[in-house]
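The structure appears right after this line, and notes come after that.
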Protein chains: 2
Amino acid sequence: MNDQRRNGQNEVAAGGRPTLKTIAFMTGLGVTTVSRALKDAPDIGEETKKRVQLVARQVGYRPNRAGVRLRTGKTNVISLVLNTDEQLMGFISDIIYGVSEELASSSYHLILTPYSSRNDPMDPIRYVVETHSADGIIISQTEPNDPRVRYLTEHRFPFATHGRTQTGIEHPWHDFDNHAFAMQAVRALVAKGRRRLALLAPSPKLTYYRHMSDGFAEGVEEQGCAAIPFRDAWVDMPVEQIKAAATALLRRSTPPDGLVSGSGAGAFALVAAIEERGLQLGRDIDIVTKQSTPLVQMFRPQILVVNEDFRLAGRELARAVRASIDGAVPASLQTLAVPDGVEAPRP
Amino acid sequence: MNDQRRNGQNEVAAGGRPTLKTIAFMTGLGVTTVSRALKDAPDIGEETKKRVQLVARQVGYRPNRAGVRLRTGKTNVISLVLNTDEQLMGFISDIIYGVSEELASSSYHLILTPYSSRNDPMDPIRYVVETHSADGIIISQTEPNDPRVRYLTEHRFPFATHGRTQTGIEHPWHDFDNHAFAMQAVRALVAKGRRRLALLAPSPKLTYYRHMSDGFAEGVEEQGCAAIPFRDAWVDMPVEQIKAAATALLRRSTPPDGLVSGSGAGAFALVAAIEERGLQLGRDIDIVTKQSTPLVQMFRPQILVVNEDFRLAGRELARAVRASIDGAVPASLQTLAVPDGVEAPRP
DNA sequence: AATGGAAACTGTAACGTTACAGTTTTTGAG
DNA sequence: CTCAAAAACTGTAACGTTACAGTTTCCATT
């Protein structure tokens, strides 16, 4: 606390952590030389570099982030912007873990920037850009005409999105091929003899709503079967509501005999509605669902699943922002995860 | 990039964000005065404070974090240390959201410090303390004799734990009363006429394993019914394994007629095993489970649930570290969430 | 009119780092 | 032997902030 003695030449940084000054004193070199030696600059002698690096390791030197940040403006931070109103979105933790995994081997720290739907989704974005509290941003829940993408592009602020946009802007993104998923799902259901299909899609304001809906429509067209509209239900609403909508759907005079669910949680609601109605999975009706954890599948082995790997998404997103920060061109930072195909029911 | 013109007096910070210097120039005051005026110091005139604060608002001044951090040593960051190997731990995102909520109104940023079980759980802790990359730490998965708690206490580094310890150290924590949960569960099952009970508990190395097991034992004793050991299965293992263990349990010559599950995911595995065996929930057997999302309950309305609020946990933990950083005594920063009681089956 | 002291304000230095513009030493070409 | 140039190294300043030690101004008291 009260560090009385001023150690003029600051030898070993009385008690505190070692700094460049500490190493400079120990090696008899200048602070600048030490700094440059540690970053392997070309104008420092080989022998000197070795010596400096050895001493740095011995004293456990770690550059002071505040010093670097103040001097260079680089924060070494990546911000993950999240909507904290999400219910039940368990996969968020997988994305976070994926991002963490990818950043672990780098000098980047991961910072979470939350926002609530009650506020403007632009708020957290503006905050990060204006205060420069990170070098790059990862955003999710991308919309076709996403103002965040426009803003970040205009401000030349590095970012990557989970999901594509239709802004016409070339930006870094990672996405799951929901078009392919829906088509595969339709084909798998038709292969099981199902002819009247319905899709539990994502919220219409998100970009991938179109992808999945289009894939579904294309599959139905290709297979020549019927598409039954699934009204007023999206994968990201509370499961009770999905269940209610599914119950209504099954009560129709001509109910579907095949369902496609855009999320694992949604599948639970569908199964619940189906069984409450006295129907039997695999006999009267079939479900193909996306899943990120084997929960549904373990529970109802008859269910058909397509796996979506959110950890991978996290890794790809982190990789993309990093490259973007390093100046890579956006077009080279777009990756699409292609689904493995529909997994057959378990024995 | 190449900012040629040196603006000696730095009026409005050529293009960049405003700093104290900017405001000093605009008000004709000294930088020190501006700094002190903004933090409402006693030796600045009222009139001056008003003027400075007005100008600061007008130009959108935000203190530069790197500057503050370098000068004062305060990072304004709180680190949440997470094990990224966790499978299926959807509630993690709720804790994160809770922490975020609590920090949103403060100057703190939330940073995630991940680690893998393949490494030493001490690594991330040491990293944060040694590099001082945060002012406080939140840790979870607390063990009875947790070395992290010892280390942080020895280093006088502010922290809060999700779960208690048996270290004898007074430290800030938040916990759910798992003892009470287990007792309530037993009573509810007995009230339904169940007499042979088994508990799906957490991993024995975690502190709350004892709490839950003891509560269960006490309830069984109180109600004078039988406890059947649930071997080799814990709530945090893959659901397939839990299901397998549950299946084995139900095959015993004297199977349980009442089950207590320490997690919502675990309950799914139990239901799966029960139904696969041809038993019917609510008729042949009952389950009481903790849940953080209404997934299980919506799916099987017969199930009895006790709610655990992880957002609340996140908020309490954030509050505790914050207070700890501000110098509050640990004993005043310990909160126990008492369960609301067993929720009756839905109609 | 002198003086003590409170109130209001300010300049300097320092936190740890790196860009820049040198300076010294060594090397080798002529 | 000179001298230019390359190699190796260094000091200063600055990033934005705040602690500290002043300094100035003004007013009440003697």
Side-chain angles (χ1 to χ4, degrees), chain A residues 1-4 6-10 13-25 27-52 56 59 61-76 107 131-133, chain B residues 1-4 6-10 13-25 27-52 56 59 61-76 107 131-133:
Chain A
M1 286 294 149
N2 45 358
D3 186 31
Q4 298 291 14
R6 295 252 75 124
N7 55 343
Q9 283 308 313
N10 184 333
R17 338 171 9 206
T19 69
L20 289 178
K21 219 166 168 182
T22 317
I23 300 174
F25 181 83
T27 54
L29 293 163
V31 176
T32 302
T33 311
V34 174
S35 172
R36 312 218 50 187
L38 286 175
K39 37 178 62 64
D40 205 29
D43 65 344
I44 304 294
E46 280 310 317
E47 228 261 296
T48 308
K49 281 181 192 168
K50 289 231 169 64
R51 195 155 52 96
V52 169
V59 300
Y61 171 76
R62 308 268 207 154
N64 179 309
R65 299 193 140 236
V68 176
R69 182 163 168 178
L70 184 57
R71 178 66 241 240
T72 66
K74 175 143 210 224
T75 63
N76 279 297
S107 64
T131 66
H132 196 93
S133 52
Chain B
M1 284 295 147
N2 44 359
D3 186 31
Q4 295 294 13
R6 296 254 74 126
N7 55 345
Q9 281 311 313
N10 185 336
R17 344 176 359 211
T19 69
L20 290 179
K21 220 168 170 179
T22 315
I23 300 175
F25 180 83
T27 53
L29 294 163
V31 176
T32 302
T33 311
V34 174
S35 172
R36 309 207 35 124
L38 287 174
K39 37 177 63 64
D40 204 29
D43 64 346
I44 305 293
E46 281 309 317
E47 227 261 295
T48 308
K49 281 183 193 169
K50 288 232 170 63
R51 195 156 51 97
V52 168
V59 300
Y61 170 77
R62 309 270 207 152
N64 179 310
R65 301 193 137 234
V68 176
R69 180 163 169 178
L70 184 57
R71 178 65 241 241
T72 66
K74 174 143 208 222
T75 63
N76 279 296
S107 64
T131 66
H132 196 93
S133 51

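A, B, ... follow the sequence lines: proteins, then strands. Residue 1 opens every chain. Values below: every heavy atom of this structure, side chains too, minus hydrogens, waters and symmetry copies.
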Side-chain N or O of [X] less than 4.0 angstrom from OP1 or OP2 on [N]?
| X | N | answer |
| --- | --- | --- |
| T32(B) | dC9(C) | no |
| K39(A) | dT18(C) | yes |
| T72(A) | dT18(C) | no |

Whole Å only: how far is the [atom1] atom of [X] from the [atom2] atom of [N]?
| X | N | atom1 | atom2 | result |
| --- | --- | --- | --- | --- |
| D40(B) | dT18(D) | CG | P | 14 Å |
| R69(B) | dT18(D) | CZ | C1' | 17 Å |
| R36(A) | dG11(D) | CZ | P | 15 Å |
| N64(A) | dA14(C) | CG | P | 17 Å |
| E46(A) | dC9(D) | CD | C1' | 15 Å |
| L38(A) | dT17(C) | CG | P | 9 Å |
| F25(B) | dG16(D) | CZ | C1' | 18 Å |
| L20(B) | dC15(C) | CG | C1' | 15 Å |

5' precedence on DNA chain D between V68(B) and D43(B) (nearest-nucleotide basis): V68(B)
Between [X] and [Y], is there a donor-acceptor pair closer than 3.5 Å when you use the side chain of the first and the backbone of the second?
| X | Y | answer |
| --- | --- | --- |
| T72(A) | V68(A) | yes |
| R36(A) | D43(A) | no |
| R65(B) | S133(A) | no |

I44(B) or L70(B), whichever maps to the more 5' nucleotide of DNA chain C: I44(B)
Proximity to the side chain of K21(A) - top-ranked nucleotide from dC9(C), dC15(D), dC15(C): dC15(C)
Touch class at under 4.0 angstrom, heavy-atom based, for G30(B) against every strand present: sugar-phosphate
Base of dT18(D) paired with side chain of R71(B) (donor-acceptor, under 3.5 Å): yes
Carboxylate-amine/guanidinium proximity below 4.0 Å for E46(A) and K49(A): yes
Heavy-atom side-chain proximity of I23(A) to Y61(A) below 4.5 angstrom: yes
